[in-house]
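Here's the structure, in structure tokens; my notes come after.
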Amino acid sequence: MLNNREKIYWLAWSHIKGLGATSIKKIYENFGSLQKAWEISAQELLTVDGIGHKLCQTIQDQRNKIDPEKLFEQHIAKNPLFWTPNDALYPSLLLEIPSYPCALYYKGQVKESENKGIS
């Protein structure tokens, strides 16, 4: 699916207040990488359907306050058991809904066949 570095940026984008899963998905689809999208200009961000000037300004302000790598390190220290849509074990059926979770937490052992719809 995606490279492991993308997991860092799925988490970072999910920490931007006012930005929901549907918008994050649109950003990903528009730029093909949330890491790349993290570094784009406000003008480029405005090309994403549903992102207007007010939300764009909010995103810009919050991106300036978030260090994605540091956020990820702190997060996995407390919550190591989570998937983002780039993880191989992210449940495939969730990817079919319009606003799938950007971070999905789990407990215990995971059966790969259950997540991928394999019987």
Side-chain angles (χ1 to χ4, degrees):
M1 204 169 194
L2 303 171
N3 67 45
N4 288 334
R5 294 210 31 87
E6 280 292 300
K7 186 170 188 162
I8 294 169
Y9 290 90
W10 278 98
L11 185 64
W13 279 102
S14 74
H15 277 75
I16 298 208
K17 292 173 180 63
L19 193 62
T22 302
S23 294
I24 294 170
K25 181 180 176 183
K26 286 179 183 179
I27 291 168
Y28 171 72
E29 290 172 347
N30 207 57
F31 299 102
S33 163
L34 288 180
Q35 180 178 359
K36 177 181 174 185
W38 192 263
E39 300 162 359
I40 63 169
S41 69
Q43 195 64 31
E44 291 173 290
L45 197 52
L46 286 169
T47 66
V48 178
D49 183 40
I51 297 187
H53 291 284
K54 185 176 179 182
L55 180 56
C56 183
Q57 186 60 53
T58 299
I59 292 169
Q60 288 293 92
D61 293 343
Q62 291 186 43
R63 280 194 307 188
N64 290 333
K65 296 175 185 174
I66 297 173
D67 177 342
E69 307 242 355
K70 186 175 181 179
L71 172 68
F72 184 76
E73 288 173 15
Q74 292 170 340
H75 191 82
I76 61 170
K78 294 178 184 176
N79 303 294
L81 302 177
F82 76 100
W83 298 303
T84 61
N86 68 305
D87 289 304
L89 288 178
Y90 190 92
S92 59
L93 291 176
L94 279 179
L95 293 172
E96 295 179 19
I97 62 173
S99 59
Y100 50 74
C102 295
L104 182 64
Y105 298 86
Y106 64 93
K107 273 183 147 179
Q109 297 294 318
V110 175
K111 292 182 182 178
E112 183 174 347
S113 62
E114 290 176 355
N115 285 19
K116 294 301 171 189
I118 302 167
S119 4

Please round to the nearest 0.5 Å and tell me the distance separating atom [atom1] of [X] and atom [atom2] of [Y].
X     : Y     : atom1 : atom2 : value
Gln57 : Lys54 : CD    : NZ    : 11.5 Å
Ile16 : Lys65 : CD1   : NZ    : 11.0 Å
Trp38 : Ile59 : CH2   : CD1   : 9.5 Å
Leu34 : Glu29 : CG    : CD    : 10.0 Å
Lys26 : Asp49 : NZ    : CG    : 4.0 Å

Do any side-chain atoms of residues 94-109 form donor-acceptor pairs under 3.5 angstrom with protein atoms, and if so which ones, sequence neighbours left out?
from   : atom 1 : to    : atom 2 : distance (Å)
Tyr105 : OH     : His75 : NE2    : 2.8

Quick one, [X] and [Y] - any side-chain contact, counting heavy atoms below 4.5 Å?
X     : Y     : answer
Leu46 : His53 : yes
Leu19 : Ile27 : yes
Asp87 : Phe82 : no

As a quick check of understanding, evaluate side-chain hydrogen bond (donor to acceptor under 3.5 Å, both in side chains) for Thr84 and Glu6, giving each step before the final call. CA-CA 9 Å; Thr84 61; Glu6 280 292 300; over 6 Å; no
Please name the pair of heavy atoms, one in [X] and one in [Y], separated by the smallest distance, quoted to 0.1 Å.
X     : Y     : answer
Ile66 : His15 : CD1-O, 4.1 Å
Phe31 : Lys36 : O-CD, 3.7 Å
Trp13 : Leu45 : CH2-CD1, 4.3 Å

Determine, stepwise, if the pair Glu44 / Thr47 fulfils side-chain hydrogen bond (donor to acceptor under 3.5 Å, both in side chains). CA-CA 5 Å; Glu44 291 173 290; Thr47 66; over 6 Å; no
How about Asn64: does its CG atom have over 12 heavy atoms from other parts shown lying under 6.0 Å from it?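 Check passes, neighbour count above 12.
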Out of the candidates Trp83, Tyr90, Tyr28, Phe72, only one should pair with Trp10 under the ring pair (Phe, Tyr, Trp, His ring centres under 6.0 Å) rule; please name it.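 Going through Trp83, Tyr90, Tyr28, Phe72 one by one, the ring pair (Phe, Tyr, Trp, His ring centres under 6.0 Å) with Trp10 is satisfied by Tyr28 alone.
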Are any of the side-chain nitrogens in Arg5 or Glu69 under 4.0 Å away from the carboxylate oxygens of its partner?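 Looking at Glu69 together with Arg5, the answer is yes, because their closest N to O distance falls below 4.0 Å.
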